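Computed from a predicted structure; not experimentally measured. Proteins get letters first, then strands, A, B, ... in listed order; numbering begins at 1 in each.
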Number of protein chains: 2
Amino acid sequence: MATRQYGARCVSQRGVKAEAMSIDPRSHTPVYVQLADLLRDQIESGELPPGARIGSEARLSQEYGIGRDAVRMAISVLRSEGLVTSSRGHPTQVRPRPERRLVEVPSGCTISTRMPNSNERRQMDMDEGVPVLEVRYPDGKKQTFPGDEVELISP
Amino acid sequence: MATRQYGARCVSQRGVKAEAMSIDPRSHTPVYVQLADLLRDQIESGELPPGARIGSEARLSQEYGIGRDAVRMAISVLRSEGLVTSSRGHPTQVRPRPERRLVEVPSGCTISTRMPNSNERRQMDMDEGVPVLEVRYPDGKKQTFPGDEVELISP
DNA sequence: TTATATTTGTCCGTATGTATG
DNA sequence: CCATACATACGGACAAATATA
């Protein structure tokens, strides 16, 4: 009798906006991942432009018929991808992307990327969800750049 | 009288493992950040090697005398940094890092990094918290590489 | 193979702090 | 001062997926 145990909940969703229906609690994909995917699409398509508010947690929770935990985790995912910023007292907003400046790398460098830890983020004044570019020069020295402010160009 | 308002709680921590004492609920640093920092240190030092289980949420909650919420948030931070993997039914483990292969980029390319969306992650079979490297060639074509598998080298 | 235990996912409730309007 | 909104933090409960005996 494990089947259709969410049936009643689905029926109770009448009155919820059409877009809310695209979240399926029976899916194998966690609800919070589904909401993150939805919001990410709206951000990347420009439907939610930089600076726009994505809606309060309570509103999203009600609109999509999911719990507060799921909404918070979805927002946490988007923050960890650098797509939104949220802080105490502020509505969660689509993060404006800074212009990238060009940095020329010399010959024979290796270039890699990774996520910074919280110390590095503080030191470089970076938002959550922004990777770093790491350039290792032929002499062994390393240099680290914020990934949303820098674009490298090969010689 | 805001001082020592958690005094009683400290006394009540007798019986908790010594390492647990390194989490201070009175600190301005959130508890979940402190736990994330602790676990990150253990991962980066090799004390928790790739593939190792970091301990269940319930266990960490009990061991450090903090709530499950804080534990989950700490794990979420580490996941977004590409340090651990977790999913339903599986114990949370330290993410194994694959060997990086060298890819030579031609002259005049621009190289940038960003977080992939979930579609890209699925297509490239990438874990959460792993950025991508994006190479734009002089002819305008783009190529995207998983950031933990590829290291670029300038010509 | 089946059954049980473990672990993470999700929901809910409550409370306090911080920041904005 | 008050209302709103998010951040942090605790607690309980159950579901779903996997691990293990």
J.: Any luck finding a side-chain donor-acceptor pair between A/S80 and B/S80 under 3.5 Å?
T.: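 Looking only at side-chain atoms, B/S80 and A/S80 do not form any donor-acceptor pair under 3.5 Å.
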J.: Say whether, by atom type as modelled, one donor and one acceptor occur between the side chain of B/T113 and the main chain of B/L133 under 3.5 angstrom.
T.: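 Between the backbone of B/L133 and the side chain of B/T113 there is no qualifying donor-acceptor contact (under 3.5 Å).
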J.: Can you see if the side chain of B/S86 gets near the phosphate of C/dT7 - specifically, an N or O under 4.0 Å from OP1 or OP2?
T.: no
J.: Strictly below 4.0 Å: does B/Y32 bring a side-chain N or O up to OP1 or OP2 of D/dA9?
T.: no
J.: Rounded off to whole Å, could you give me the CD-to-P distance for the B/E57 and C/dT10 pair?
T.: 11 Å
J.: So which of residues 115-130 of chain B are in contact with DNA chain C, with a heavy-atom cut-off of under 4.0 Å?
T.: none
J.: I'd like to check B/Q143 versus B/V103 (side-chain heavy atoms, cut-off strictly below 4.5 Å). Are they in contact?
T.: no
J.: From the set D/dA7, D/dA5, C/dT10, return the single nucleotide nearest to any side-chain atom of A/V31.
T.: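 So the side chain of A/V31 is nearest to C/dT10.
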J.: To the nearest 10 degrees, what angle separates the axes at the start and end of the helix from C/dT2-D/dA21 to C/dG21-D/dC2, five pairs each?
T.: 10°
J.: Assess whether one donor atom and one acceptor atom, taken from the side chain of A/R68 and the base of C/dG13, lie less than 3.5 Å apart.
T.: yes
J.: Under 4.5 Å between side-chain heavy atoms, chaining through other members, with only Ile, Leu, Val, Met, Phe, Trp and Tyr counted: pull out the rest of the cluster around A/L102, sorted by chain and number.
T.: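 Once heavy-atom contacts under 4.5 Å are chained together, A/L102 belongs with A/I153.
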J.: Flag yes if more than 12 heavy atoms outside A/E104 fall under 6.0 Å of its CD atom; otherwise flag no.
T.: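 Result for CD/A/E104: enclosed.
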J.: Within this structure, what is the CD1-to-P distance between A/I23 and C/dG9, rounded to whole angstrom?
T.: 16 Å
J.: For B/L60 and C/dT7, what is the distance between atoms CG and C1' respectively, to the nearest whole Å?
T.: 12 Å
J.: Taking C-beta and beyond as the side chain, do B/R97 and B/L83 meet within less than 4.5 Å on heavy atoms?
T.: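 They are in contact (side-chain heavy atoms under 4.5 Å apart), so the answer is yes.
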J.: Are A/M73 and A/V84 connected, step by step, through hydrophobic side chains (Ile, Leu, Val, Met, Phe, Trp, Tyr) whose heavy atoms are closer than 4.5 Å?
T.: no
J.: In residues 71-81 of chain B, what residues come within less than 4.0 Å of DNA chain D, judged by heavy atoms?
T.: B/M73
J.: Would you check if there is a donor-acceptor pair between the side chains of B/T85 and B/D127 at a distance under 3.5 Å?
T.: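 No, no side-chain donor-acceptor pair sits under 3.5 Å.
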J.: Strictly by salt bridge (Lys or Arg N to Asp or Glu O under 4.0 Å), give each pair with a member in residues 64-77 of chain B just once, sequence neighbours left out.
T.: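 Every pair satisfying salt bridge (Lys or Arg N to Asp or Glu O under 4.0 Å) with a residue in residues 64-77 of chain B: B/E57-B/R68, B/E57-B/R72.
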J.: Is it the case that over 12 heavy atoms from other parts of the model lie below 6.0 angstrom from the CG atom of A/D125?
T.: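 Open: at most 12 neighbouring heavy atoms sit under 6.0 Å from CG of A/D125.
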J.: If only atom types and distance count, is the side chain of A/T110 paired as donor or acceptor with the main-chain N or O of B/L152 below 3.5 Å?
T.: no
J.: Roughly how many Å is it from CZ in B/R88 to P in C/dT8, rounded to a whole number?
T.: 12 Å
J.: Counting heavy atoms from C-beta on, name the nucleotide in D/dG11, D/dC6, C/dT8 closest to the side chain of A/S56.
T.: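 Closest nucleotide among those given: D/dC6.
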J.: Can you measure A/D69 atom CG to D/dC10 atom C1' for me and round it to whole angstrom units?
T.: 13 Å
J.: Each nucleotide N or O in nucleotides 19-21 of chain D that has a protein N or O under 3.5 Å away: list the pair and distance.
T.:
from	atom 1	to	atom 2	distance (Å)
D/dA19	OP1	B/H90	ND1	3.1
D/dT20	OP1	B/R53	NH2	2.8

J.: So, the side chain of B/E149 versus the backbone of B/P98: is there a donor-acceptor pair under 3.5 Å, distance only?
T.: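 It does not hold such a pair.
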J.: Do the side-chain N or O atoms of A/S87 get closer than 4.0 angstrom to the phosphate oxygens (OP1, OP2) of D/dA7?
T.: no
J.: Between B/I23 and B/L38, is there a side-chain heavy-atom distance shorter than 4.5 Å?
T.: yes
J.: Using atom types as modelled and distance alone, determine if a side-chain donor or acceptor of B/E134 lies under 3.5 Å from a backbone N or O of B/R114.
T.: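 Absent.
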J.: Where the side chain of B/P30 is defined as all heavy atoms beyond and including C-beta, which of C/dC11, D/dT8, C/dG9 is the nearest nucleotide?
T.: D/dT8
